[in-house]
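Structure record follows, encoded as structure tokens.
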Amino acid sequence: MLQQTPVVRVLPVWHEWLERWPTPAGLAGEPAGEAVRSWGRLGYPRRALRLHAAAAAITEKHKGKVPDTYTELLALPGVGSYTAAAVAAFAYGRRETVVDTNIRRVHARLVSGTALPAPALTAAEMRLAASLLPAADAPSVRWNAAVMELGALLCTARAPKCGACPVNDLCAWRAAGEPPPSYIPKGQAWHGTDRQVRGAVVAVLRLAEEPVPAEMFHHEPADLGFAPAGIGVPLAALHRLNSAPEQLERALAGLLADGLAELHDGGYRLPA
DNA sequence: GATGCGTGGCT
DNA sequence: TAGCCAAGCAT
């Protein structure tokens, strides 16, 4: 849930999930669509699908217990190098090189003297992080947590709070006069993209209790002569995007391909 | 290595 | 207010 999503937005959903599915087996015992539905508006709903798949893998291959090694964690769906290291370190106390966006930014500034880390995680960054990690297990966990928090709370991407930083006297970027970034990060396009349409379609499917006919996506409900049950609001939002028919087709096809939707009785629904 | 993939708070 | 950006991953 925390992948690319701020902590404060994750917390309420996380609590709901743990109450509803206290164990991996509990989640694995329900349809994947239920995971997507209860994902709410966290974004990137593929993560819900993969979390469900990970729960199934944990149930089947790990006797229902979340594995405690980096390698086993990495093999789970939706778990990459960051998440595998973070779980091994923070849940199991292991010494792992945890590198998230916060840690990358702190290292870039404090050590490398640049305003921002490289556009993508590099081998050099991993080597640097590994070289800074304390040798013993417990201190390494504290180090990972501390650097991550420093980045999240003080050494932020925009308007870093250098005045409150406990290590500002060690900061290479500050010592260099806070030079501007050497490149301009290109923002993620949104308006008019397939991505926006996909999001609007999934919003409809989340609320739908019956398969949604393709015509519902392509035409105004008023033109169809019948009222959609319970999905009027997200459907209206989708139509307001006024996307081209082929764009809608791409979005629907993409959702099918990703397993976020399936065809049933001539309509689209979340995977049952 | 580059791209596609959500959503909403903050400035 | 339009854009930035957030505990990344898979392909």
Selection from [options] that lies nearest to any side-chain heavy atom of [X]:
{"X": "Asp194(A)", "options": "dT7(B), dT3(B), dC5(B)", "result": "dC5(B)"}
{"X": "Thr101(A)", "options": "dT7(B), dG6(B), dA6(C)", "result": "dA6(C)"}
{"X": "Arg198(A)", "options": "dT7(B), dC5(C), dC5(B)", "result": "dC5(B)"}
{"X": "Gln3(A)", "options": "dT7(B), dC5(B), dG8(C)", "result": "dG8(C)"}

Phosphate contact (dG8(C) OP1 or OP2) by Gln4(A) side-chain N/O below 4.0 Å: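 Yes, within the criterion.
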
Side-chain donor/acceptor of Arg95(A) to backbone N/O of Ala135(A), under 3.5 Å: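 Checking the backbone N and O of Ala135(A) against the side chain of Arg95(A), a donor-acceptor pair under 3.5 Å is found.
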
Arg47(A) side-chain N/O to Gln3(A) backbone N/O, donor-acceptor pair under 3.5 Å: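 Confirmed, Arg47(A) side chain pairs with Gln3(A) backbone.
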
Identify whether any heavy atom of [X] sits under 4.0 Å from a base atom; if not, whether one sits that close to sugar-phosphate; answer base, sugar-phosphate or nothing.
{"X": "Thr193(A)", "value": "nothing"}
{"X": "Val79(A)", "value": "sugar-phosphate"}
{"X": "Arg250(A)", "value": "nothing"}

What's the [atom1]-[atom2] distance between [X] and [N], to the nearest Å?
{"X": "Leu256(A)", "N": "dC5(B)", "atom1": "CG", "atom2": "P", "value": "14 Å"}
{"X": "Lys186(A)", "N": "dC5(C)", "atom1": "NZ", "atom2": "P", "value": "15 Å"}
{"X": "Asp100(A)", "N": "dA6(C)", "atom1": "CG", "atom2": "P", "value": "9 Å"}

Side-chain touch Arg142(A)/Pro139(A), heavy atoms, less than 4.5 angstrom: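 Not touching, per the 4.5 Å side-chain cut-off.
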
Side-chain H-bond candidate by donor/acceptor type, Thr193(A) with Gln196(A), under 3.5 Å: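 Distance-only check fails for Thr193(A) and Gln196(A).
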
